[in-house]
Protein chains: 2
Amino acid sequence: MSNTQIEPSVDRRAQILDAAMICFAKRGFHQASMHDISAEAGISVGLIYRYFENKEDVISAMADRHKKQIHDLLERARQAPTLLESLEILFTAHCCENAPQIQSAFVVDLYAEASRNPRLANLVRDILETAMQGVTDLIARSPEAQHAPQNLTPRQLAELIFAVSRGMLMRDILETERDPTERRERQLRVVRRLWRLLFKPETEPAYA
Amino acid sequence: MSNTQIEPSVDRRAQILDAAMICFAKRGFHQASMHDISAEAGISVGLIYRYFENKEDVISAMADRHKKQIHDLLERARQAPTLLESLEILFTAHCCENAPQIQSAFVVDLYAEASRNPRLANLVRDILETAMQGVTDLIARSPEAQHAPQNLTPRQLAELIFAVSRGMLMRDILETERDPTERRERQLRVVRRLWRLLFKPETEPAYA
DNA sequence: CGAAGATGAATGAACGTTCATTCATTGTCA
DNA sequence: TGACAATGAATGAACGTTCATTCATCTTCG
C-alpha cells in the first residue's frame, strides 16, 4: 500500500507539481491554496516549502516543466514521417497527454498570469519561440510545403498554425464535452482542414 | 477635477466597471481587491456593494458588458462595405477600443475563469456563438466568399477566423510592445494574410 | 425632516508562510 | 550484535496579513 517502501525516494517535486497541476486547473493559480495542493498530494503543507521557496516558485516550476514537455512534443513531431502527421501530434497533445483536459485550462491560466508577471511572460515567450522555430524548420524542410499559397514563408505559416492552435485551445475550455476522444476528433478535423488550406494545392472537386 | 460635480448622477455601475476593468487587467480577477477597485474608481469600498451584490457579481457584470460591446462591434463590422474591412474591424477592436491593451488580458482572464465557473462559461459560449453566427452570415452574404478554397462552408471559415483571432489575442499578451498602433499593424497584417488565404482566388505571382 | 447616497472602520474567514517538534532511518562504536 | 547518537523528512498548529463583506454613521438635498 505504502509507496514509500516500494519507492525509497519518491520524486517529491514531481508529486507536488502533479498535485498543483490538478488544483490549479480546478481552481486557478490564485484560488488554489497551498493547503489544497498539500491535500491533493497527500502530504503536509510545510513539506511543500522544503521543495519550493514559495507559491510563485511552484508556478514557475510548472512552467519550466511545461517547457520540457513542449520540447519532447516537438521532438516527437519532428520524427513523424509527414508534415501533416507532425501537425496532428502538435495539435492534439493537450487533449490526450497525461492529463485529460486539464492542460488547456492550465495553459490559458499561464498566459493570463504572464500578462502580469514579466518573468513568466519571458518564459512563455521563450517556450513559444522555441516551438515556433521548430515548426518553421519542419515546414521549411517539408516537401509538402513547397506549394504554399500566397508565397507565405515557413515562418508566416508557422505563426498562422500556432495562432489557430492557441485559438482552439481556448475554445476547448468552453466545451464541457463528454469524451476526450471527441475533443481529439474535433481538434483533428481542424488541423486537417488547416493543412489542406495551407499545403494542399487547391484540389477543388469539379462542381460549383 | 471631481467628476461628481460635472455629472450630477454619474452612472456608478459603469464607473465601477471601468475601474474594475483596469484593476482586473492589472492584477487579475482574484488578486485585484475590492479596495483596489474602489480606489481606482475614487469611491469608498462600501459603495460598491450598493451597486453589486459581491465580487463575482462585478465579474459577471463585466462579462455582460463585454457581450454588449461585442454586439456593437459586430454591428459595426456588418456595416463595412467589404468582408475584408469587416474582418479588420473585428480583429483590431481589442487593441484600440476604449482601453489600450487591457482588453486582451481581460478576455484571457475571462476564459481562464470560465474554465472553472460554469455560469461564466455559458455566458462566454453564448457571446462566442452570437459573434460566430454573425460572421458566418457575413461570409455567406459576401460575394468575395464565393470562391473559398476546399469547399469550406461559411461556418467553417468563421470557426477558423475566430480561432486565429483568439490565438492572436493570446499572443498579444506576450508582447510588451511599445506602440498600440504597432500592435494594430501586426494584427492587420495577419487578418489580411488570412483573408487572402481564405478568399483570394490564388493569385500567385509568376515566379517560382 | 427623511430618504437615498456615500463613507470607512470593524469583522472574521482564509491565506501563505514559519518553525518547534516528531520519529523512522542510518551511522557509530564497544 | 545492540545501545545510543545523529539526521533530516515530515508534520500541522500558529502567526501575521490580506481580503470580502457589513454596518453604524455621516452627508446631501428635495
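Quick note on labels: first sequence line is chain A, next is B, and so on, each numbered from 1.
- In this structure, B/L47 places its CG atom 17 Å from P of D/dC23, rounding to the nearest Å.
- One finds a salt bridge joining A/D172 and A/R186 here, because a Lys/Arg side-chain nitrogen approaches an Asp/Glu carboxylate oxygen to under 4.0 Å.
- When the shell of 6.0 Å around CD of B/E53 is examined, it contains 12 or fewer heavy atoms from other residues, nucleotides or ligands.
- Rounded to whole Å, the distance from CD on A/E53 to C1' on C/dG16 is 14 Å.
- The distance from atom OH of A/Y49 to atom P of D/dG8 is 23 Å, rounded to the nearest whole Å.
- The side chain of B/Y51 approaches C/dG5 more closely than any other nucleotide in the set C/dG16, D/dT21, C/dG5.
- Going from atom CD1 of A/I43 over to atom P of D/dG8 covers 19 Å, rounded to whole Å.
- Between B/E159 and B/R155 there is a salt bridge, with a side-chain nitrogen of the basic residue lying less than 4.0 Å from a carboxylate oxygen of the acidic one.
- Atom-to-atom, NZ of A/K55 to C1' of D/dT18 comes out at 13 Å; the value is rounded to the nearest Å.
- The CZ atom of A/F52 sits 9.0 Å away from atom CD1 of A/I37, with the distance rounded to the nearest 0.5 Å.
- In the model, A/Q15 has no side-chain atom that pairs as donor or acceptor with a side-chain atom of A/D11 under 3.5 Å.
- When the C1' atom of C/dC15 is taken as reference, atom CG of A/N54 falls 14 Å away, rounded to whole Å.
- Between A/A105 and A/I173, the closest heavy-atom pair is CA-CD1, 4.0 Å.
- Residues from residues 26-42 of chain A placing a heavy atom under 4.0 Å of any atom in DNA chain D do not occur.
- Taking side-chain N and O atoms only, A/R50 has no distance below 4.0 Å to OP1 or OP2 of D/dT11.
- Counting to the nearest Å, the C1' atom of C/dG5 and the CZ atom of B/R12 are 8 Å from each other.
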